[in-house]
Amino acid sequence: MRLILLGAPGAGKGTQAALITAHYNIPQISTGDMLRAAVKAGTPLGLAAKKIMDAGELVSDDIIIGLVKERLQQPDCKNGFLFDGFPRTIPQAEALKEAGIPIDYVLEIAVPDEAILERMNGRRVHLPSGRSYHIKFNPPKVEGKDDVTGEDLIQRDDDKEETVKKRLQVYHNQTEALVDFYQKLAAEGQSNTKYVKVDGIGDVKEVNRRIIDALSK
Ligand code: AP5
Ligand code: ZN
């Protein structure tokens, strides 16, 4: 299974990615998690990316494409993978296509902007694993602690309300065009890529049932 998760910031990509990758036993490739790891490690990439991410803007296509190509060389990607947060621009999608990497499904998780702000406001994350929680909608077993490791949860620096608004704007201006790009690709029948859209409103389990159902058709 090779799939791309498409959706606005806060649509639930990371949350659903964890469930989907466990179901299909494939790795999750989250460019956002990779960048946050670089920020934490203080690498030159991390130092450059931090400012861009905190402003809610996108890191350059060249850097992202390089990161992803390198990640795909790892042996765990042999039997499939899930992209979370990549591609995010038309040039990124073109690069993926040109690299001849087949994609079985593009799965869009649809959530209106109004619901996003509330989700981001209550989000807490476990940085090393990328696991996401919500204080109200998806609380951890112990407040402030990751379910698996018991380590501290934090708020992401880019979850401030004004940064979230900027990220939503960037999504509509630069990423939403991928809906059309992949719908056309699927309709043209030149590839075996299927496009599926799932309603992302509802609780985490319910959305996951819709996704697993859509992927098995
Ligand atoms: P990235 O980390 O990819 O962030 P994003 O796309 O903005 O998405 P989020 O991680 O914010 O949301 P999500 O959809 O994963 O939602 P989640 O599951 O956490 O990117 C961050 C930055 O890195 C970018 O702004 C950019 O600068 C850079 N970057 C990354 N990739 C790039 C690329 N390819 N090109 C260029 N730059 C790149 O859920 C959100 C909240 O809602 C959580 O609290 C969760 O518990 C809750 N929730 C989830 N599901 C539900 C539900 N069904 N009901 C209620 N609450 C729910
Ligand atoms: Zn995410």
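Start at 1 and go down the list; that is how both ligands and their atoms are numbered.
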Engineer: Identify, for atom 13 (P) of ligand 1, the protein heavy atom at the shortest distance, and state residue, atom and that distance.
Structural biologist: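 Going atom by atom, the protein heavy atom closest to atom 13 (P) of ligand 1 ends up being Lys13 N, 3.5 Å.
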Engineer: Nearest protein heavy-atom contact for atom 33 (C) of ligand 1: which residue, which atom, what distance?
Structural biologist: Arg88 CD, 3.4 Å
Engineer: Mind checking whether Gln16 has an N or O less than 3.5 Å away from an N or O of ligand 1?
Structural biologist: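 Between Gln16 and ligand 1 (N or O atoms, distance only) the closest approach is not under 3.5 Å.
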Engineer: Tell me which one of Gln155, Gln174, His134, Arg156 gets a heavy atom nearest to atom 10 (O) of ligand 1.
Structural biologist: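 When every heavy atom of Gln155, Gln174, His134, Arg156 is considered, Arg156 comes closest to atom 10 (O) of ligand 1.
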Engineer: Any carboxylate oxygen within less than 4.0 angstrom of a Lys/Arg side-chain nitrogen, looking at Lys166 and Glu162?
Structural biologist: no
Engineer: Measuring from non-hydrogen atoms of Arg36 to any atom of ligand 1, is the shortest distance under 4.0 Å?
Structural biologist: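 Right, Arg36 reaches ligand 1.
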Engineer: Only heavy atoms of Glu57, strictly under 4.0 Å: list the atoms of ligand 1 that pass.
Structural biologist: 25 (O), 26 (C), 27 (O)
Engineer: Give me the nearest non-hydrogen protein atom to atom 49 (C) of ligand 1 as residue plus atom name, then the distance to 0.1 Å.
Structural biologist: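 Heavy-atom neighbour on the protein nearest atom 49 (C) of ligand 1: Thr15 OG1, 3.5 Å.
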Engineer: Any side-chain donor-acceptor pair under 3.5 Å between Tyr133 and Asp146?
Structural biologist: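 There is such a pair (donor and acceptor under 3.5 Å, judged by atom type) between the side chains of Tyr133 and Asp146.
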Engineer: Which ligand 1 atoms, with their elements, are less than 4.0 angstrom from a heavy-atom of Gly202?
Structural biologist: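 Checking each atom against Gly202, I get 52 (C), 53 (N), 54 (N).
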Engineer: Does Gly7 have a non-hydrogen atom less than 4.0 Å from ligand 1?
Structural biologist: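 Distance cut 4.0 Å: Gly7 fails for ligand 1.
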Engineer: So between Lys136, Arg167, Arg131, Arg123, whose heavy atom ends up nearest atom 19 (O) of ligand 1?
Structural biologist: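 Minimum heavy-atom distance to atom 19 (O) of ligand 1 goes to Arg123.
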Engineer: Which residue owns the protein heavy atom closest to atom 28 (C) of ligand 1, what's the atom, and how far is it?
Structural biologist: Leu35 CD1, 3.5 Å
Engineer: For atom 22 (C) of ligand 1, what's the nearest protein heavy-atom neighbour? Residue, atom name and distance, please.
Structural biologist: Met53 CE, 3.8 Å
Engineer: Closest non-hydrogen protein atom to atom 52 (C) of ligand 1, residue and atom name please, with distance?
Structural biologist: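 Atom 52 (C) of ligand 1 sits closest to the protein heavy atom Arg119 NH2, 3.3 Å.
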Engineer: Identify whether the distance between the nearest side-chain nitrogen and carboxylate oxygen of Lys194 and Asp104 falls below 4.0 Å.
Structural biologist: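 No, Lys194 and Asp104 are not salt-bridged.
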Engineer: Which residue and non-hydrogen atom of the protein lie closest to atom 12 (O) of ligand 1, and at what distance in Å?
Structural biologist: Gly10 N, 2.8 Å
Engineer: Heavy-atom contacts with Ala8 under 4.0 Å: which atoms of ligand 1 show up? List them by number with element.
Structural biologist: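 Result: 14 (O).
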Engineer: Is the closest heavy atom of Ala55 to ligand 1 under 4.0 Å?
Structural biologist: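 Per 4.0 Å heavy-atom rule, Ala55 does not contact ligand 1.
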Engineer: Counting heavy atoms only, which of Ile135, Thr31, Asn138, Leu67 comes nearest to atom 31 (N) of ligand 1?
Structural biologist: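 The option holding the nearest heavy atom is Thr31.
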Engineer: Would you give the length of the straight line joining atom CG of Asn138 to atom NZ of Lys205, rounded to the nearest 0.5 angstrom?
Structural biologist: 9.5 Å
Engineer: Could you tell me the residue and atom name of the protein heavy atom closest to atom 36 (C) of ligand 1, and the distance to it rounded to 0.1 Å?
Structural biologist: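 Of the protein heavy atoms, Val59 O, 3.3 Å lies nearest.
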Engineer: Would you say Arg124 and ligand 1 have an N/O pair spaced under 3.5 Å apart?
Structural biologist: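 In this structure, Arg124 places no N or O atom under 3.5 Å from an N or O of ligand 1.
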Engineer: Can you tell which of Lys205, Gln92, Lys166, Lys50 gets a heavy atom nearest to atom 35 (N) of ligand 1?
Structural biologist: Gln92
Engineer: Under a plain distance cut-off of 3.5 Å, with no hydrogens placed, do Glu108 and Tyr195 share a side-chain donor-acceptor pair?
Structural biologist: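 Yes, Glu108 and Tyr195 have a side-chain donor paired with an acceptor closer than 3.5 Å.
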Engineer: Test side chain to side chain donor-acceptor pair (under 3.5 Å) on Thr89 and Asp61 and set out the steps.
Structural biologist: CA-CA 8 Å; Thr89 61; Asp61 288 333; 2.9 Å; yes
Engineer: Would you please name every residue forming a ring pair (Phe, Tyr, Trp, His ring centres under 6.0 Å) with His126, sequence neighbours left out?
Structural biologist: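 For His126 there are no ring pair (Phe, Tyr, Trp, His ring centres under 6.0 Å) partners, ignoring immediate neighbours.
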Engineer: With sequence neighbours left out, what residues match Arg36 under salt bridge (charged side-chain N to carboxylate O under 4.0 Å, His left out)?
Structural biologist: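 Arg36: salt bridge (charged side-chain N to carboxylate O under 4.0 Å, His left out) contacts with Asp33.
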Engineer: Going by atom types alone, do Gln16 and Asn208 pair a side-chain donor with an acceptor below 3.5 Å?
Structural biologist: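 Their side chains do contain a donor-acceptor pair, which is all the 3.5 Å distance test asks for.
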